[in-house]
Amino acid sequence: MADKWQLIYPNHINAIVDGYEETIEHFRDRVGFTLDRRIPDSGDGTDACLMTLGGVMFEFFAPKERGERGQGRLLARYGDHYVGIEYHVPDVTTAREFARENGIRIINDLGPAFFTYPGNSFGIAFEIYDGDFKQLAQPAGYWEIQHPLGLTGLARLSVAVANVDAAATQLHKLAEVSQIGPVSRPRASARGVQMQVGTAVWELLEPTGDGPLADYLGRYGQRIRSTVFKAGNLTAVEKHLTAQGFDLIPGDADGALAINPAQNKNLLLEFTE
């Protein structure tokens, strides 16, 4: 039998968005992302692009029409939303064998990469790939020194789940991961646990009552809720984003700032020192 997935590092976080050019203009011109690569429609009715902020890459999928199947159906149901994450693995063939042996449904197999059914992993569609996109990265020091946000990387990925223990157990079944420790997020009316998933820290959060996390689960179900960036100076972050017309709100953790998702394609981006 094939071994569990060895998730080494995230290649990119995936989201479905409404409006291809509008999305590029918003994230590039207002937030400060770089546009790394356009990926035109290959026949599935969806344009895509790779964009990066603070060394964290995103792939935005923009269906041309809302429909009854595929990503157009998801756009019709949820609007703009996080859908999953691509991880680099040592060997995609072995990873595919593990998925098939363990009943992990593959919903799209591209050969070099494959996507899994989010229902097998608390709402997250995994994209598994043994390549990377390092050739698209900015020069060392660009995000921290040259960019006005002064970002130093990914602090953590926040994931909304119905039950932390069940989600952590499922993650352990899928991949070689380790538990860091419990966390409390009163601002989101949530509690949870941090997990080390390759080079990235995941924060699995469940509601402790009515509040932002419970509202998110009610609207979108289990899935990625937030990308949290490390910043050298939150004052610089606030200055730049306010100048771009954003209303900043408190993040989940003490001292963190966030862009109001209503002004950011429904995607929660947080910043912390």
Side-chain angles (χ1 to χ4, degrees), residues 10 12-19 22-23 26-27 31 46 48 51 56 58-63 65-87 105 107-108 115-127 154 156-168 170-171 174 183 185 187-193 195 197 200 202-229 247 249-253 256 258-270:
H12 48 71
I13 298 163
N14 295 337
I16 293 176
V17 293
D18 187 14
E22 173 192 341
T23 295
H26 172 83
F27 286 109
V31 185
T46 299
M51 302 187 73
V56 182
F58 293 72
E59 184 166 8
F60 295 115
F61 297 91
E65 296 181 359
R66 297 174 185 243
E68 298 181 357
R69 301 185 63 185
Q71 294 182 351
R73 178 182 65 83
L74 293 174
L75 180 62
R77 181 174 182 180
Y78 296 113
D80 305 273
H81 65 285
Y82 286 111
V83 69
I85 188 168
E86 178 180 290
Y87 258 90
R105 179 180 163 196
I107 57 175
N108 189 9
F115 293 80
T116 66
Y117 173 57
N120 291 139
S121 43
F122 41 90
I124 294 179
F126 279 94
E127 184 179 0
L154 179 67
R156 58 187 175 272
L157 196 68
S158 173
V159 183
V161 299
N163 183 284
V164 164
D165 293 337
Q170 180 62 12
L171 192 53
L174 291 173
V183 292
R185 300 296 183 215
R187 287 181 177 176
S189 297
R191 71 169 189 92
V193 63
M195 309 286 292
V197 186
W202 288 28
E203 195 165 275
L204 306 178
L205 295 176
E206 70 176 27
T208 55
D210 293 340
L213 189 72
D215 292 344
Y216 188 86
L217 280 168
R219 172 67 181 87
Y220 297 101
Q222 299 187 110
R223 66 184 63 245
I224 294 169
R225 175 172 176 265
S226 174
T227 307
V228 188
F229 296 87
D247 296 325
I249 60 176
D252 287 347
I259 299 175
N260 187 336
Q263 299 177 327
N264 194 52
K265 307 290 287 182
N266 290 340
L267 303 181
L268 182 57
L269 303 181
E270 300 182 67

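Treat the numbers as computed from the prediction; the structure is a model and nothing was measured. Numbers here simply count residues along the sequence, with the first being 1.
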Which heavy atom in [X] sits nearest to a heavy atom in [Y], and how many Å separate them?
X: I85; Y: L157; value: CD1-CD2, 3.8 Å
X: V164; Y: L204; value: CG2-O, 3.6 Å
X: P63; Y: V17; value: CD-O, 3.5 Å
X: R223; Y: G123; value: CB-O, 3.8 Å
X: Q170; Y: S121; value: CG-CA, 4.4 Å
X: Q222; Y: N163; value: OE1-N, 4.3 Å

- request: Please lay out, stage by stage, how R219 and H81 fare under the test side-chain contact (heavy atoms from CB on, under 4.5 Å).
  value: CA-CA 10 Å; R219 172 67 181 87; H81 65 285; over 6 Å; no
For the [atom1] atom of [X] and the [atom2] atom of [Y], what is their distance to the nearest 0.5 Å?
X: S189; Y: L205; atom1: OG; atom2: CG; value: 11.0 Å
X: N14; Y: I124; atom1: CG; atom2: CD1; value: 11.0 Å
X: L174; Y: F122; atom1: CG; atom2: CZ; value: 7.0 Å
X: R225; Y: L213; atom1: CZ; atom2: CG; value: 5.5 Å
X: D80; Y: E22; atom1: CG; atom2: CD; value: 7.5 Å
X: N266; Y: N260; atom1: CG; atom2: CG; value: 9.5 Å

Those residues that, when tested against [X], pass salt bridge (Lys or Arg N to Asp or Glu O under 4.0 Å) (two or more places apart):
X: E206; result: R191
X: R185; result: E203
X: D18; result: R66

Results of ring pair (Phe, Tyr, Trp, His ring centres under 6.0 Å) for [X] - residues two or more places apart only:
X: Y87; answer: none
X: Y117; answer: none
X: Y216; answer: Y220

Heavy-atom check, side chain of [X] versus side chain of [Y], under 4.5 Å:
X: E86; Y: F115; value: no
X: I16; Y: Y78; value: no
X: V228; Y: R156; value: yes
X: F126; Y: N120; value: no
X: D215; Y: P207; value: no

- request: Tell me, with the steps shown, if L74 and F61 meet side-chain contact (heavy atoms from CB on, under 4.5 Å).
  value: CA-CA 11 Å; L74 293 174; F61 297 91; over 6 Å; no
field: Centroid-centroid distance, F27 to F58, less than 6.0 Å
entry: no
Q263 side chain vs D247 backbone, donor-acceptor pair below 3.5 Å: yes
query: Do side-chain atoms of Y82 reach the backbone of L268 as a donor and acceptor pair under 3.5 angstrom?
result: yes
Trace of the side-chain contact (heavy atoms from CB on, under 4.5 Å) decision for N264 with H26: CA-CA 8 Å; N264 194 52; H26 172 83; 2.8 Å; yes
